[in-house]
*Asks:* 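Below are the structure tokens for one structure; questions will follow.
Throughout, protein chains are lettered first and strands after them, A, B, ... in sequence-line order, and every chain is numbered starting at 1.
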Amino acid sequence: MEIKDQEKSYDPAVAESKWYAYWEGLSLLRAEPARPGDSYCIVIPPPNVTGSLHMGHALNVTLQDVLIRYHRMLGKNALWLPGTDHAGIATQNVVERLLANEGVDRQSLGREKFEERVWKWKEESGGVILNQLKRLGAACDWSRERFTMDEGLSRAVREAFVLLHRKGLIYRGRYIINWCPRCLTALSDLEVAHVETKGGLYYIRYPELSGRRNVVVATTRPETMLGDTAVAVHPKDERYAGSIGVTLRLPILNRPIPLLTDEMVDPMFGTGAVKITPAHDPNDFEVGKRHDLPAVRVIDDAGKMTGEAGPFAGMDRFACREAVLDSLRKEGFLVKEEQFLHNVGHCYRCKTVVEPTESIQWFVKTKPLAEPAIRAVQSGETRIIPPNWERTYFDWMENIRDWCISRQIWWGHRIPAYHCLACGLTMVEVDAAERCSSCGSDNLRQEEDVLDTWFSSALWPFSTLGWPDRTEDLSRYYPTSVLVTGFDILFFWVARMMMMGIEFTGRAPFRDVVIHALVRDPKGEKMSKTRGNVIDPLDLMERFGTDAFRFTLLALAAQGRDIRISDERLEGYRNFMNKIFQAGRFVRMHADDNTSKALPSELSAADRWILSRLQRVIEEIRKGIEEYRFNEASSAFYQFTWHEFCDWYLEMIKPSLQPDAPVETRERQRAVLLYVFEAILRLSHPFLPFLTEEIWHSLPGKRGSILTEVYPEADPDRTDVDVEKDMGHLMEIIRAVRNIRSELHVPPAKRVEIRLKGQPEDLAFLSDHEEIILRLARAGKVVHREPEYIPVEDATAVVNGIEVCLPLADLIDFRKEASRLRKEIEKANAELSVVCAKLGNEKFLANAPGDIVEAHRIRKGDLELKLDSLSRNLALVTRYLS
RNA sequence: GGGCGGAUAGCUCAGUUGGUAGAGCAUCGCCCUUACAAGGCGAGGGUCACAGGUUCAAGUCCUGUUCCGCCUACCA
């Protein structure tokens with residue numbers, strides 16, 4: 001596995017095609033509970049089996065992969081457990097569509113055949129996304145892959161259901177729920193998406209039976225009037241005081257209904273009178289219960305009007321709305337129509353308008369489960385990151401309502417309840433019941449409904465580890481270390497895992513919950529199929545390489561902010577990948593099998609400088625990863641690798657790598673070079689798994705996978721403040737010379753002389769490292785001048801009290817030089833006045849900390865010195881001009 | 001209705017105990033210098049949305065305003 005050196009630039013396809021198989025082949029991704037090390041565990045948010053990789057997955061998975069690889073390199077016993085979710089309604093819809101293409105519907109196929117068909121589909125197409133995760137580099141332990149409907153997890157679901165039922169935390173009853181007339185199932189409150197919709201507000205006159213007076217009600221859904229069984233007003237509403245208790249006549253159907261009072265009514269809205277439809281409105285349902293009103297279902301499961309709707313029976317609910325309005329208009333009952341903006345609930349899977357409907361369903365009683373889940377976050381047992389999501393979590397948990405968990409679909413965990421057809425008893429059992437425990441009849445029928453997909457998802461962090469069995473994995477890896485997820489499923493999933501995790505294991509399922517951003521298109525719009533602005537991660541990986549793609553996501557992953565992905569950004573990081581690759585080539589040109597792996601004891605200033613910088617960047621990167629500030633970690637790495645290691649360090653050490661350098665110097669230099677570069681690769685392996693593995697194997701020496709290397713640790717003894725300062729000055733001098741050369745258009749080939757003027761002690765370090773200045777500033781020689789030296793025909797700059805003079809009499813355009821100096825003076829003056837203003841302020845001197853004041857004083861001195869030199873030099877130049 | 005977030009260089013965004021405003025891309029010069037033109041070197045560009053306040057000192061803390069997102073809610 002060698003890189004061909006004739007390749008001029010990095011070709012990601014080559015590296016990406018081989019290394020994943022290599023890791024898998026060596027079982028490097030497999031976790032072993034028996035191995036030592038603190039455990040570090042992540043369970044993947046299981047993608048839907050119907051899914052294919054989108055940007056959200058890519059970001060989510062990249063973050064987790066960074067964490068897993070990082071902690072593995074730290075020596076932790078790391079497990080990343082992958083899997084997929086059966087995604088009840090979504091999957092059923094997909095397969096139903098396939099069947100429709102064949103001209104078959106699920107009813108005619110029958111439940112059993114249909115389920116077989118879905119399983120078959122799952123086996124054939126369900127694995128697509130997992131292979132896509134591999135392309136991303138996800139270092140998951142595939143030997144532990146799970147599926148929410150595999151045998152173990154299904155048993156966990158039944159077990160959980162039974163335990164909750166025994167505790168009275170699952171119940172069955174007739175309530176109003178959200179019904180999707182297209183999916184033909186109940187939905188939980190969360191599965192209803194509210195969409196602001198323009199509609200009408202219709203005022204309808206309900207006459208008193210006596211005929212003397214009328215009550216006018218306002219409604220957005222006139223068709224439901226057919227199911228009205230009362231009209232309600234607020235008890236303190238004086239407008240209706242005289243009418244309370246009278247009987248009204250429901251228009252069209254002419255049904256007598258009472259006028260009653262209820263606190264729920266807002267007297268300020270509409271007319272202050274509300275029509276009550278207990279069968280089709282959650283509020284009305286409650287009112288109906290309080291007043292013992294009949295509930296009349298006028299809309300059936302498919303959204304068609306029932307026989308109760310009289311003349312409208314069989315009509316679609318929306319057609320009926322118009323028909324009812326027509327009828328009311330004709331008969332003079334419609335007194336007013338207004339435009340009205342309100343929220344309409346839609347099925348989150350198929351976007352059909354949801355119909356609130358009264359029916360018999362199963363529910364989880366959530367309050368008792370929510371309380372400990374709230375406490376777990378309050379106490380810090382689980383941390384939510386960034387913490388501003390805590391409030392959202394608390395708000396939802398504190399106002400939680402019971403969770404409707406039964407679904408009238410076929411694909412999912414069938415509820416483990418058995419109805420006795422003989423005596424009517426319902427039994428809830430983990431294993432299929434054979435006889436009625438009350439009457440002994442064997443005429444039992446299992447509940448037809450299946451569970452909400454999110455019920456099994458709620459068990460995911462422990463069911464995947466073997467629960468309800470007390471497995472080795474469970475005790476080793478639970479509670480898990482971190483959950484990485486998007487905020488869109490905070491309630492659907494995170495909150496419920498918290499509740500169930502604590503209920504069944506006694507412990508919150510995660511140490512940390514990391515909430516990351518949404519990935520948007522370059523214009524900042526949410527990607528969606530209907531908008532047609534979906535960016536395919538696989539396409540980006542193809543075009544820019546997986547590592548560049550991952551690095552882009554990481555660099556943009558600032559906490560609490562959405563990500564806009566764009567080609568420009570990817571290009572930049574693709575170039576960075578190539579930069580690292582080229583640096584690898586450079587290292588390979590010099591280091592060989594004989595190069596020492598240990599750092600030599602004797603180190604040049606440049607070596608000590610890069611090593612010192614390396615310690616700092618190691619700390620920054622580690623801190624960034626540990627605090628989930630991936631953008632900070634990646635940008636620290638970028639900055640160091642490109643602009644310090646490549647731009648400065650490599651350039652500085654080139655001479656000592658040349659054949660004419662003394663052998664010992666060369667060998668020492670090679671050792672340091674290899675050492676630092678290896679550190680760079682190890683540091684970035686969690687970000688750039690393919691590139692680093694590729695280069696790692698190309699370096700001299702026999703090597704295993706970089707995946708199993710130790711992550712660099714900062715060594716405080718290698719940080720060297722002095723050398724950082726000295727080298728900083730040296731670099732500034734070089735920059736100053738380059739600036740002058742560039743501004744004055746000195747020909748690149750011109751070897752200028754550099755005269756450094758200053759106090760001997762300030763010049764000492766520079767004179768020791770003249771060769772670096774010569775090389776990087778393209779100088780012919782460096783000469784030191786006493787402070788008394790007067791640069792008559794020189795271009796000049798001032799850096800840290802040292803005057804940099806370039807004798808360029810023959811080359812200088814003195815007008816340009818004068819304007820360059822004026823610009824410098826202007827800048828320095830502006831800054832000086834700010835600094836002086838502060839130092840002249842007594843309150844500043846009295847209140848600001850000593851080190852700040854001192855820093856200002858030093859700054860002032862520097863600026864004055866600089867101004868002094870600059871203006872003197874300007875005077876010289878202008879004299880020359882005239 | 002409630003909550004959360006955003007407004008900083010032409011564009012996209014960093015900026016965590018308040019202490020001299022940063023990056024990438026784009027722009028403008030110069031350069032094929034033997035790792036890299038997917039490159040190197042240099043440069044220009046910001047009254048940090050607006051108005052107040054706290055402080056010696058505010059992009060950073062507080063209050064209010066405007067505009068833009070998102071989440072949530074049983075006003076028919």
*Asks:* Specify the separation, in whole Å, of atom CD1 of Ile680(A) and atom P of A35(B).
*Replies:* 17 Å
*Asks:* Give a yes/no on whether any side-chain N or O of Trp642(A) is located under 4.0 angstrom from OP1 or OP2 of G40(B).
*Replies:* yes
*Asks:* For the ring pair (Phe, Tyr, Trp, His ring centres under 6.0 Å) test, which of Tyr638(A), Phe549(A), Phe544(A) pairs with Tyr573(A)?
*Replies:* Tyr638(A)
*Asks:* What residue among Thr277(A), Val298(A), Ile299(A) forms side chain to side chain contact (heavy atoms under 4.5 Å, CB included) with Leu226(A)?
*Replies:* Val298(A)
*Asks:* What is the distance, rounded to the nearest whole Å, between atom CG of Leu190(A) and atom P of U72(B)?
*Replies:* 8 Å
*Asks:* Looking only at atom C1', what distance separates G45(B) and A23(B), rounded to whole Å?
*Replies:* 14 Å
*Asks:* Please give the distance between the P atoms of A57(B) and G5(B) as a whole number of Å.
*Replies:* 28 Å
*Asks:* Between C41(B) atom C1' and Leu650(A) atom CG, what is the distance in whole Å?
*Replies:* 16 Å
*Asks:* Can you tell me how far apart CZ (Phe576(A)) and OG (Ser634(A)) are? Round to the nearest 0.5 Å.
*Replies:* 9.0 Å
*Asks:* How far apart are the C-alpha atoms of Asn575(A) and Glu571(A), what are their side-chain angles, what is the distance that settles it, and do they pass the side-chain hydrogen bond (donor to acceptor under 3.5 Å, both in side chains) test?
*Replies:* CA-CA 6 Å; Asn575(A) 297 351; Glu571(A) 272 168 31; over 6 Å; no
*Asks:* Please report the distance separating the C1' of U65(B) from the corresponding atom of G19(B), rounded so that it comes out in whole Å.
*Replies:* 29 Å
*Asks:* Would you mind telling me which of C36(B), U16(B), A43(B) lies closest to the side-chain atoms of Asn739(A)?
*Replies:* A43(B)
*Asks:* Using atom C1' in both nucleotides, what's the gap between G46(B) and G10(B) to the nearest angstrom?
*Replies:* 11 Å
*Asks:* Work out how far the P atom of G6(B) is from that of U63(B), and round it to whole angstrom.
*Replies:* 14 Å
*Asks:* With respect to the side chain of Arg585(A), which nucleotide from C13(B), A35(B), A76(B) is positioned closest?
*Replies:* A35(B)
*Asks:* To the nearest Å, give me how far apart OH (Tyr348(A)) and P (U72(B)) are.
*Replies:* 13 Å
*Asks:* I want to verify a distance call: between U12(B), C31(B), G19(B), whose nearest atom is closest to the Pro748(A) side chain?
*Replies:* C31(B)
*Asks:* Does Ile734(A) or Phe645(A) map to a spot on RNA chain B nearer the 5' end, using the closest nucleotide for each?
*Replies:* Phe645(A)
*Asks:* Would you please confirm or rule out a distance under 4.0 Å between OP1 or OP2 of U12(B) and any side-chain N or O of Arg569(A)?
*Replies:* no
*Asks:* Rounded off to whole Å, could you give me the CZ-to-P distance for the Arg221(A) and C75(B) pair?
*Replies:* 14 Å
*Asks:* I want to verify a distance call: between G44(B), C75(B), A37(B), whose nearest atom is closest to the Lys823(A) side chain?
*Replies:* G44(B)
*Asks:* How far does the C1' atom of U47(B) sit from the matching atom of A21(B), given to the nearest Å?
*Replies:* 13 Å
*Asks:* Verify the contact: side-chain N or O of Arg401(A) to OP1 or OP2 of C74(B), cut-off strictly under 4.0 Å; return yes or no.
*Replies:* yes
*Asks:* Hey, does the side chain of Arg741(A) come within less than 4.0 Å of G42(B)'s phosphate (OP1/OP2), counting only N and O?
*Replies:* no
*Asks:* Looking at Glu337(A), I'd like to know if its CD atom is crowded, meaning that more than 12 non-hydrogen atoms belonging to other residues, nucleotides or ligands lie closer than 6.0 Å.
*Replies:* yes
*Asks:* Does G39(B) have its OP1 or OP2 closer than 4.0 Å to a side-chain nitrogen or oxygen of Asn575(A)?
*Replies:* yes
*Asks:* Measure CD1/Ile276(A) against C1'/C75(B) and give the value in whole Å, please.
*Replies:* 12 Å
*Asks:* Which whole number of Å gives the distance between the C1' atom of C31(B) and that of G69(B)?
*Replies:* 46 Å
*Asks:* Nearest to the Glu651(A) side chain among A35(B), G42(B), A57(B), which nucleotide is it?
*Replies:* A35(B)
*Asks:* Could you measure the distance from the CD1 atom of Ile734(A) to the CZ atom of Arg778(A)? Nearest 0.5 Å is fine.
*Replies:* 13.0 Å
*Asks:* To the nearest Å, give me how far apart CG (Leu845(A)) and C1' (C56(B)) are.
*Replies:* 9 Å
*Asks:* Compare the minimum distances between each of C70(B), A35(B), G19(B) and the side chain of Phe844(A), then state the nucleotide with the smallest one.
*Replies:* G19(B)
*Asks:* Before we go on, tell me: are the rings of Tyr393(A) and Trp389(A) under 6.0 Å apart, centre to centre?
*Replies:* no
*Asks:* Yes or no on side-chain hydrogen bond (donor to acceptor under 3.5 Å, both in side chains) for Lys275(A) and Thr224(A), after CA distance, side-chain angles and deciding distance?
*Replies:* CA-CA 9 Å; Lys275(A) 57 190 273 312; Thr224(A) 63; 2.6 Å; yes
*Asks:* Work out how far the P atom of A35(B) is from that of U16(B), and round it to whole angstrom.
*Replies:* 40 Å
*Asks:* Does Asn847(A) make a side-chain N or O approach to OP1 or OP2 of C56(B) shorter than 4.0 Å?
*Replies:* yes
*Asks:* Between the base of A23(B) and the side chain of Ser635(A), is one N or O donor paired with an acceptor at under 3.5 angstrom?
*Replies:* no
*Asks:* Can you check whether His643(A) has a side-chain N or O nearer than 4.0 Å to OP1 or OP2 of G22(B)?
*Replies:* no
*Asks:* In whole angstroms, how far is the C1' atom of G3(B) from the OH atom of Tyr393(A)?
*Replies:* 18 Å
*Asks:* Pick the closest RNA chain B nucleotide for Lys654(A) and for Leu556(A) by heavy atoms, then say which residue is nearer the 5' end.
*Replies:* Leu556(A)
*Asks:* Name the closest nucleotide to the Lys8(A) side chain, picking from A76(B), C36(B), U20(B).
*Replies:* C36(B)
*Asks:* Compare the minimum distances between each of G40(B), A76(B), G29(B) and the side chain of Lys579(A), then state the nucleotide with the smallest one.
*Replies:* G40(B)
